[in-house]
Amino acid sequence: MDKIAIVGVGNPIRSDDSVGWHVVDKIKESGLLGISCLKIGGQMSELLDLFEKYSLIYIIDAAVFDKEEALLRIDAIKDELPYEERLTSSHGMGLHMALKLGKELGVLPQRLIIYAIKVEDLSIGDELSSLMRERIDMTAHSVLQEEEIKRCMKKK
Amino acid sequence: MTQKDEDKNFKVKVGARSRTLHVDYLARVEGEGSLHIQMKEGKVESARLNIFEPPRFFEALLRGRPLDDAPDITARICGICPVAYQMSSVYAMERALRLELPEYLHQLRRLIYCGEWIESHALHIYMLHAPDFYGATDAIALAKKDPSHIRRGLRIKKAGNEIIRLLGGREVHPINVKVGGFYKLPKKEDLTVLKAVLEAAVDDALEGLSWVSSFTFPFVEKKVEHVCLRHPKEYPMARGEIITSSGLLFTPEEMLCHIREEHIEGSTALYATLHNKPYLVGPIARFNLNFDLLPTKVHREIERIGLHLPCLNPYQSIVIRSIEILFALYEALRIIDEYEEDSQISSLPIHPKEGWGYSATEAPRGLLYHHFHIDENGVIQEAKIIPPTSQNQKTIEEDLFVVAQRNASACDDTLRCECERAIRNFDPCISCATHFLSLKRTYG
């Protein structure tokens, strides 16, 4: 059976950069069985550790990009992560590097789906900007519609 | 970076007699910054490392907060050296409160600091710096050539992260450090498990040291004032007074009598000088001024690899960091062996009182200074943080000037690469220097 993780990446005192963590909190309210729901800072070594432990990973992260959509879904194993649309990270080496290094070292998971949420404010602070509440709900809903996740929902 | 990315980031304007090299994005440096070299008629006119991230707000964020928020907030300044910020902040607060910790708590703090030195140095050596000496453009290319080195680096980094996880509650932005001690002490049985991980990492560290000391280094002898902590009994991490290679000795309380920060146009970091001159903090300064305090088994390794003292070559900082990884592993094992779990309290009680507290600790990249003023209710009224990278900035630019001049007739690609190498010798953490990271790159 696949080991599955839903991972929010972010920094809680950089305003919208914490949106991934809020999405994970929202998802946990739904009640999932057998899925790890994690919140991390997004450092390359943290990500490489996750790649080795889980066969299917959903990463949810703040992003800055020029498209009109507020949310992008990227299959990071099949598709090259677009450089211009690389996810924000609090550190120089984050997801982009982890993916490339993971590929070279042969430690990528079987599937890696990234939900990139367009954010507005990345300044120092612990409040989300007004648009984020709607985007949190939208992203959580999208993740919960993934086939593998729906199978793990608790029966009410 | 791909060729496409490099084309976007690297602009050259060449006039009849002038040449400007401007790199918008520095490869493989923590955070983001840019490099600007201006030349005319084959001579370098200026060399600037520009930090164009938002200015530091963390000092302002701390004002008005209770004193025990300081370690958690300052830990967020940097994801690679959060422990350093926590250590500097808790020691400063404890001095403000006139709190004297028992020795076992100092030793446990030293243990978590060992973890950070190990993981930060390993990250820099293997992912950022070694590619320069291995003919690889980045760690990915190094992994393609020989993945065993990257795997070794990741194992060593993981060993450091394990120390931080056990002592700090998690690997990144630890949550177990507090003013007065820790929230929870480690169990001896957990330390015994950690010990096995660290012993295996020693073998990796020895192999890594042999590897880096086999690199070919450009011959450079850089004479600059070294500044670091000095303790009577231990290779410095979190305690001691501040010494300089010219013989100055002062306390953290006296730091601002000797070191001044100024803002330079075009950068959002503050430049620090020691009596109006550039100076160097970091592993080379620590090593040269505290060599005698390294254990005998580390001295043996230094002799084996043929490293001469003092080490004045910035390119050999990769060797010094490797030595410090080995030292930190041995030191961590010593602390674990000497730790006694019985009847220890995890922290001293705090009784807020008005006061000023000053501290300087040795982050992996060098001296990190904090001072705070707290009121009678324990609320922070003033905070000042001087990170190591802003202290090194003038020295880095001096090196850039020399490197650019030495490569003035080289092609643009070579010039750019050599300048970036010169910066990477210092392992600058630009995110620390401005307490924030620029998160979006735009290309004109």
Side-chain angles (χ1 to χ4, degrees), chain A residues 9-18 21 38-52 61-66 80-94 96-107 116 118-127, chain B residues 1-2 4-5 8 25-33 54-58 60-61 72-73 75-80 82 119 122-123 126-128 138-145 147-148 150-151 153-154 157-158 160-161 170-173 429-431 435-443:
Chain A
V9 176
N11 185 337
I13 61 166
R14 287 186 53 221
S15 303
D16 293 354
D17 197 24
S18 65
W21 287 23
L38 308 166
K39 294 192 279 197
I40 65 171
Q43 272 199 41
M44 182 194 64
S45 57
E46 286 180 294
L47 292 161
L48 287 171
D49 281 346
L50 291 176
F51 292 173
E52 289 190 286
D61 196 1
V64 177
F65 52 85
D66 291 331
E80 180 84 14
L81 197 64
Y83 181 75
E84 291 81 5
E85 288 154 348
R86 69 188 168 125
L87 300 173
T88 59
S89 171
S90 297
H91 320 288
M93 283 180 291
H96 200 248
M97 181 90 164
L99 284 168
K100 289 197 169 256
L101 205 52
K103 189 175 173 186
E104 284 309 317
L105 299 176
V107 297
K118 187 191 275 191
V119 295
E120 308 296 322
D121 179 8
L122 291 161
S123 60
I124 305 284
D126 51 13
E127 301 275 334
Chain B
M1 284 180 16
T2 62
K4 186 180 171 192
D5 297 331
K8 278 182 182 171
Y25 178 92
L26 285 170
R28 288 181 281 127
V29 170
E30 263 293 296
E32 299 190 27
R56 54 176 75 173
F57 289 123
F58 275 88
L61 188 67
D72 295 328
I73 289 176
R76 297 270 167 207
I77 292 174
C78 181
I80 305 299
E119 63 89 7
L123 178 73
Y126 289 89
M127 303 297 157
L128 295 169
D138 57 22
I140 314 296
L142 177 52
K144 278 192 211 294
K145 280 191 173 196
S148 69
I150 296 293
R151 288 201 175 97
L154 287 172
K157 186 181 190 316
K158 202 169 167 65
N161 284 132
R170 63 181 182 210
E171 286 181 20
V172 183
H173 302 308
C429 180
I430 294 170
S431 56
H435 302 171
F436 196 80
L437 276 174
S438 177
L439 300 161
K440 183 178 179 184
R441 304 300 303 152
T442 56
Y443 303 100

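Letters A, B, ... mirror the listed sequences (proteins, then strands); counts begin at 1. This one's a predicted model, so the numbers in the text were calculated from it and none came from an experiment.
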Where does Lys157(B) contact chain A at under 4.5 Å (heavy atoms): side chain, backbone, both or neither? side chain
Quick one: side chain to side chain contact (heavy atoms under 4.5 Å, CB included) partners of Lys158(B), sequence neighbours excluded? Asp49(A)
Heavy-atom distances under 4.5 Å only: say whether Ile40(A) touches chain B with side chain, backbone, both or neither. neither
Whatever's closer than 4.5 Å to a heavy atom in chain A on Ile140(B) counts as both
Apply side chain to side chain contact (heavy atoms under 4.5 Å, CB included) to residues Leu154(B) and Met127(B) and explain how you reach the verdict. CA-CA 9 Å; Leu154(B) 287 172; Met127(B) 303 297 157; 3.5 Å; yes
Asp121(A) side-chain N/O to Asp16(A) backbone N/O, donor-acceptor pair under 3.5 Å: no
Would you find a donor on one side and an acceptor on the other, under 3.5 Å apart, between the side chain of Asn11(A) and the backbone of Asp17(A)? no
